[in-house]
Amino acid sequence: MGKENGYIRWSTSDINSPNQLILQGPHFIGATPVNKQPNNPCKTNRDWASFDLRTLPEDAVARTNYIRACDEDRYYSAQDTWDGHRYTEYFRLAWREMVPPSNERSLFAALIPPGPTHINSVRSMAFENNRITVLNAGFWAALPLDYLLRITGRGHLDVSEARKMPAPTANHPLAAPLLLRTLRLNCLTNHYAALWTELYHPTWPGYEGWANPNWSNLKPLATHLKQTWEYDTPLRTDYERRAGLVELDAIVSVWLGVTADQLAAIYKSRYPVLSDYESEMYFDAKGRKIAANHNTYGYGQTKQDYLDLLAHLEKPESTPPPAGYTAPFYKADREAEMRAAHAHFQARLDKEIAAGRWTPPGSREA
């Protein structure tokens, strides 16, 4: 309706403020609010280019296909208000309304900062406070909620249905690790600095680490973190971002009572595309992804790079790594990774229950 009513118009444009951004689905994917931007000119819905998050400017704003077509007063007055504030004044959870049933994933959601509006194929919401909004963003980035959409056969996720999704509680023992990973995945630019400062917890650097002990060549999860947002606050390499997402799968599974065997069964039975992609996926010592399927290439990768990798892995002593990549290489194994992380978080939750600091909801007296 925004286009028909003269609020926005098509004009692919470079912008410098989130207030000018009108989000479309490809702009973001799971826990990645800065995913792609349209080429200029943008001729089709596939005419988009990925960002290299390792070199993303700290104040980056994606190019937009739509721009404001009326004066500011009319534009702002047309926006929904939540508790007396325009909806664009909040940090929000945004998601694609369309739910593809058989792609790599089905639920695409990310945290967005104040400023952007969006077209009708995108939805957004804020919760009672920023902490709850971020915790829900962590839930929505994890496999169990994605799986829920698949088994219920939903092709669309509008706001009314979104309100029925499983939701976290702020005082759960796993809230801290969920918050940390969700923020480090989403807070890619300084537009999130206020959110990071608000929700940062001083125990993270000394207490929170990677849950899977078998990750190799990963920098520590939290030891360098400070209350002020810095360029290395977010996870930026393909490898560390995937590690963060895998550990979100495990946290949310433990939180919801999904066992490690059930999580593995979900992955193997309902995510064949994701499984196929990751069966031929590696990460180099600097975190660059290199994969066989063109749909999941790492940034800047070519088909020849993967062939050169296979040759290197077959004869590492005599065959160098692909140009631009650094040995050693880590092979993706999501089931083993999720199981390891699940064991860590299950033990952490069990410890809180045994100490009497947490009572599972089903065990509480009415």
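The chain is numbered in sequence order, starting from 1.
Residues Arg86 and Tyr76 have side chains that never bring a donor and an acceptor to within less than 3.5 angstrom of each other. Side-chain N/O atoms of Arg154 and Thr152 include a donor and acceptor closer than 3.5 Å. Between the side chains of Thr302 and Asp305, at least one donor-acceptor pair of N or O atoms lies under 3.5 Å.
Cation-pi geometry between Arg236 and Tyr231 is satisfied (NZ or CZ under 6.0 Å from the ring centre, within 45° of the ring normal). Under the 6.0 Å distance and 45° angle rule, Lys289 does not count as a cation-pi partner of Phe283.
Panel note: side chain Arg357, backbone Glu352; no donor-acceptor pair is recorded below 3.5 Å. Listed for the Arg131 side chain is a donor-acceptor partner under 3.5 Å among the backbone atoms of Ala170. No donor-acceptor pair closer than 3.5 Å links the side chain of Thr32 to the backbone N or O of Phe28. Side-chain N or O atoms of Asn136 include none that pairs as donor or acceptor with a backbone N or O of Thr133 at under 3.5 Å. Under the 3.5 Å distance criterion, the side-chain polar atoms of Ser275 are left unmatched by any main-chain donor or acceptor of Tyr271. Judged purely by atom type and a 3.5 angstrom limit, Asp47 has no side-chain atom pairing as donor or acceptor with the backbone of Asn39. Side-chain atoms of Thr319 do not come within 3.5 Å of backbone N or O of Pro316 as any donor-acceptor pair. In this structure, the side chain of Arg92 engages the main chain of Pro116 through a donor-acceptor pair within 3.5 Å. The closest donor-acceptor contact from the side chain of His118 to the backbone of Val122 lies under 3.5 Å. Side chain of Trp82 to backbone of Tyr90: no donor-acceptor contact under 3.5 angstrom is found.
In this structure, Arg105 CZ and Arg150 CZ are separated by 8.0 Å, a value rounded to the nearest 0.5 Å. Note: Leu145 CG to Ser106 OG = 12.0 Å, rounded to the nearest 0.5 Å. A distance of 6.0 Å separates OG of Ser50 from CG of Asn35, quoted to the nearest 0.5 Å. The CG atom of Leu143 lies 6.0 Å from the CE atom of Met338; values are rounded to the nearest 0.5 Å. In this structure, the separation between OG on Ser77 and CG on Asp71 is 8.0 Å, given to the nearest 0.5 Å.
Pairing each heavy atom of Thr64 with each of Pro38, the nearest pair is C-CG, 4.2 Å. Considering all non-hydrogen atoms of both residues, Ala109 and Trp95 come closest at CB-CB, 3.8 Å. Between Ile67 and Ser13, the shortest heavy-atom contact is CG2-OG, 3.6 Å. Across every non-hydrogen atom of Thr237 and Gly287, the tightest pair is CB-O, 3.7 Å. Listed here is the closest heavy atom pair of Pro205 and Tyr200: CG-OH, 3.2 Å. Across all their heavy atoms, Ser121 and Gly25 have their closest contact at OG-N, 4.5 Å.
The list of ring pair (Phe, Tyr, Trp, His ring centres under 6.0 Å) pairs with a residue in residues 245-266, not counting sequence neighbours, reads Phe139-Trp255, His172-Trp255.
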Test side-chain contact (heavy atoms from CB on, under 4.5 Å) on Glu104 and Ile29 and set out the steps. CA-CA 11 Å; Glu104 179 182 1; Ile29 53 172; over 6 Å; no

Stepwise side-chain contact (heavy atoms from CB on, under 4.5 Å) test for Leu180 and Leu225: CA-CA 10 Å; Leu180 172 59; Leu225 297 176; 3.6 Å; yes

Could you give me the CA-CA distance, side-chain angles and deciding distance for Ile151 and Arg270, then say whether side-chain contact (heavy atoms from CB on, under 4.5 Å) is met? CA-CA 9 Å; Ile151 62 172; Arg270 288 283 183 163; 3.9 Å; yes

Evaluate side-chain contact (heavy atoms from CB on, under 4.5 Å) for Thr117 paired with Tyr87, printing each intermediate quantity in order. CA-CA 9 Å; Thr117 57; Tyr87 83 105; 3.5 Å; yes

Could you walk me through whether Tyr66 and Trp10 pass the ring pair (Phe, Tyr, Trp, His ring centres under 6.0 Å) check? CA-CA 5 Å; Tyr66 290 95; Trp10 182 278; 5.2 Å; yes

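Taking the ring centroids of His27 and Trp48, they lie under the 6.0 Å cut-off. Residues Phe329 and His312 bring their aromatic ring centres within 6.0 Å.
Remark: Arg334 does not engage Glu337 in a salt bridge, criterion side-chain N to carboxylate O under 4.0 Å. With respect to the salt-bridge test (charged N to carboxylate O, under 4.0 angstrom), the residues Asp238 and Arg242 do not qualify. Salt-bridge annotation for Glu240 and Lys219: absent, with no side-chain N of the basic residue lying under 4.0 Å from a carboxylate O of the acidic one.
The cluster map of Ile, Leu, Val, Met, Phe, Trp and Tyr, joined by side-chain heavy atoms under 4.5 Å apart, puts Val159 and Phe108 in different clusters. Both Val246 and Tyr267 sit in one connected hydrophobic cluster of ILVMFWY residues. Membership requires side-chain heavy atoms under 4.5 Å apart, directly or through other members. Note on Leu21: it does not cluster hydrophobically with Leu53, by side-chain heavy-atom contacts below 4.5 Å among ILVMFWY residues. In the hydrophobic cluster analysis, where Ile, Leu, Val, Met, Phe, Trp and Tyr join through side-chain heavy atoms closer than 4.5 angstrom, Ile112 is grouped apart from Ile132. Under the 4.5 Å side-chain heavy-atom criterion for ILVMFWY residues, a single connected hydrophobic cluster contains both Leu199 and Met125.
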Sequence neighbours left out, cut at 3.5 Å: what donor-acceptor pairs do the side chains of residues 181-192 make with other protein atoms?
unit_1, atom_1, unit_2, atom_2, d
Arg181, NE, Glu247, OE1, 2.9
Arg181, NH1, Pro177, O, 3.1
Arg181, NH2, Gly209, O, 2.9
Arg181, NH2, Glu247, OE1, 2.9
Thr182, OG1, Leu178, O, 2.7
Arg184, NE, Thr233, O, 2.6
Arg184, NH1, Leu221, O, 2.6
Arg184, NH2, Asp232, O, 3.3
Arg184, NH2, Thr233, O, 3.2
Asn186, OD1, Leu111, N, 2.9
Asn186, ND2, Thr182, O, 2.8
Thr189, OG1, His191, N, 3.4
His191, NE2, Asp59, O, 3.3
Tyr192, OH, Leu111, O, 2.7

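Using the six-membered ring where Trp is involved, Tyr297 and His294 have ring planes that are perpendicular, over 60° apart on the 30 and 60° scheme. Ring orientation note: the planes of Trp215 and Tyr330 are tilted relative to one another, at an angle of 30° to 60°. Ring pair His201/Trp204 is tilted by interplanar angle, where 30° to 60° counts as tilted.
At least one side-chain heavy atom of Pro360 sits less than 4.5 Å from a side-chain heavy atom of Ile353. Between Pro18 and Val61 there is a side-chain heavy-atom pair separated by less than 4.5 Å. Using a 4.5 Å heavy-atom threshold, the side chains of Leu157 and Arg96 count as separate. Using a 4.5 Å heavy-atom threshold, the side chains of Leu256 and Pro166 count as touching. Counting heavy atoms from C-beta on, the side chains of Asn217 and Pro328 come closer than 4.5 Å.
Shown here is Asp158, whose CG atom has more than 12 heavy atoms of other residues, nucleotides or ligands within 6.0 Å.
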